[in-house]
Amino acid sequence: MSRYKALAERFGTPLYVYDLDEIDAARRQLLDALPEEFTLFYALKANPHPGLVRALREGEGRPCRPEISSTGELESALAAGFDGADCLYTGPGKTAGELDEAIRRGVRLFSTDSVSDVRHVAAAALAHGVSADCLLRVNSATASATSSIRMTGTPSQFGFDSETLADVLPELRTVDGVRVAGMHFFPLSNAKDEDSLVGEFRHTIELAARLQRELDLPLRLLDIGGGFAVPYAVPGSRGSYPGLRGELADALDTHFPRWRTDGPEVACESGRYLVGASGTLVASVSNVKVSRGRRFVILDAGINTFGGMSGLGRLLPVAVGPETGECVESATLVGPLCTPGDILGREIDVPALAPGDLVTIPNAGAYGPTASLLMFLGRPAPVEVVVRGDTVLSVSRIEHGRSYAPVDEPSARTVTGAAE
Ligand SMILES: *Cc1c(COP(=O)(O)O)cnc(C)c1O
């Protein structure tokens with residue numbers, strides 16, 4: 001009996017299985033692809049499970065530092081054994097309540113996206129009698145490579161438009177409670193190949209050097225972003241970047257000749273690359289039916305369990321198997337929800353499936369449960385099992401309940417109350 005079948009029999013389906021050996025391997029592979037002086041942030045957005053975050057802290061090699069964007073992600077980072085001071089807090093809409101909590105828990109490094117965002121960080125820091133470091137996230141006016149999710153060069157809620165930095169910097173320098181500590185770029189996600197990645201990083205490093213020179217911008221930390229790729233819901237392996245380390249060192253030696261000794265500290269960040277391959281989604285076939293000539297396989301996992309992202313307009317090229325043998329027919333793979341949008345894959349190759357059969361979806365460790373429409377139609381969250389090889393380390397389920405808990409006024413505060 002396969003490991004997945006055994007786990008499904010013990011814990012039911014839908015079931016996520018994460019193998020920490022795979023996370024160790026991913027971290028090693030990514031750290032090896034970067035110059036050894038680099039800091040590597042893990043974006044908890046990809047998967048905030050504390051068991052996975054802990055694996056990225058412990059084990060061999062340098063720990064990944066947490067990149068967080070909410071109080072919930074902060075909780076996960078702390079539960080995984082990190083200190084607030086290890087975290088980089090990002091996001092264009094940090095609220096007063098979130099910032100207060102972050103500062104209280106020791107977070108001192110923020111990526112900021114607007115003048116008011118910087119002011120809000122400052123207000124929270126001052127309220128606690130401390131000072132915080134702000135990276136200015138930069139929305140570059142130009143970009144160099146093609147990417148699947150283009151997050152730069154266009155109007156955006158993310159970052160300061162690079163051409164406006166000269167105008168806003170004098171104001172930012174006078175804000176009490178924060179110090180401008182560097183720049184943060186994130187122009188690219190899931191790069192299609194090493195050339196795109198290298199092209200984007202080279203462009204970023206060159207731009208950072210130019211901005212620093214022209215604006216006399218303090219640069220203790222330079223976060224050049226990520227884009228490291230791994231397949232999503234289809235078989236395959238993580239991107240391999242044999243030339244990256246040399247290219248990055250070369251670009252930095254050119255533009256920041258003393259970077260290794262005098263700074264800036266240089267960082268990269270990744271979500272999916274570090275955890276994507278560690279996860280497998282195990283689901284059961286509830287029903288199989290034919291409608292007007294088209295075969296539908298109805299699973300107990302839909303966009304409430306996996307691929308909420310796909311439910312938001314991106315169909316996944318999902319592949320199932322190999323639990324039940326060779327792919328012999330084509331079917332539309334759907335979930336159990338009462339919406340025609342609950343589709344995991346259209347006309348995909350599947351084995352001959354019958355009710356009760358198990359299917360596995362590979363490379364499902366990133367953007368799983370927490371990126372899904374977990375609450376929609378009121379089913380429980382999937383069980384998540386963390387393993388190392390054949391050893392089960394933890395079994396859990398995100399608690400979202402089905403009741404409407406009363407909220408009293410103070411904790412209902414969502415507006416940003418910081419002084420302008
Ligand atoms: C989403 C995000 C990441 C992680 O992206 P991956 O493609 O999962 O590596 C990293 N940094 C920022 C700022 C992000 O918004």
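Read the numbers this way: they start at 1 and go in the same order the structure lists the ligands and their atoms. This chain uses plain numbering: 1 for the first residue, then up along the sequence.
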Report task. Tell me, please: is S270 in heavy-atom contact with ligand 1, that is, under 4.0 Å? Result ->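 Heavy atoms of S270 do come under 4.0 Å of ligand 1.
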
Query raised in the report: So, does Y367 sit close enough to ligand 1 that a heavy atom of it is under 4.0 Å from the ligand?
Result: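 A heavy atom of Y367 does come that close to ligand 1.
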
Hey, does the side chain of [X] reach the backbone of [Y] with a donor-acceptor pair shorter than 3.5 angstrom?
X	Y	result
Y16	T305	yes
R245	D32	yes
D86	D83	yes

Just which atoms of ligand 1 are under 4.0 Å from any heavy atom in [X]?
X	answer
A43	3 (C), 4 (C), 10 (C)
S189	6 (P), 7 (O)
E67	11 (N), 12 (C), 13 (C)

Do any nitrogen or oxygen atoms of [X] lie less than 3.5 angstrom from nitrogen or oxygen atoms of ligand 1?
X	value
Y273	no
G271	yes
R137	no

Query raised in the report: Where on K45 is there a heavy atom closer than 4.0 Å to ligand 1, on the side chain, on the backbone, on both, or on neither?
Result: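 K45 to ligand 1: side-chain contact only, backbone stays beyond 4.0 Å.
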
Query - Minimum non-hydrogen distance to atom 10 (C) of ligand 1, winning option of F228, Y232, F41, F186 - result: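 It is F186 whose heavy atom sits nearest to atom 10 (C) of ligand 1.
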
Query - Test item: side-chain donor near acceptor, E101 and T71, under 3.5 Å - result: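 No, T71 and E101 have no side-chain donor paired with an acceptor closer than 3.5 Å.
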
Query raised in the report: Cut-off 3.5 Å, side chains only: do Y18 and E384 have a donor facing an acceptor?
Result: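 Side chains of Y18 and E384: pair found under 3.5 Å.
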
Query raised in the report: Would F201 and F185 count as a close aromatic pair, with their ring centres under 6.0 Å?
Result: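 Not under 6.0 Å, so no.
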
Query raised in the report: Can you name the nearest heavy-atom pair linking V350 to A331, along with the distance?
Result: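 Scanning both residues, the minimum pair turns out to be CG2-CB, 3.8 Å.
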
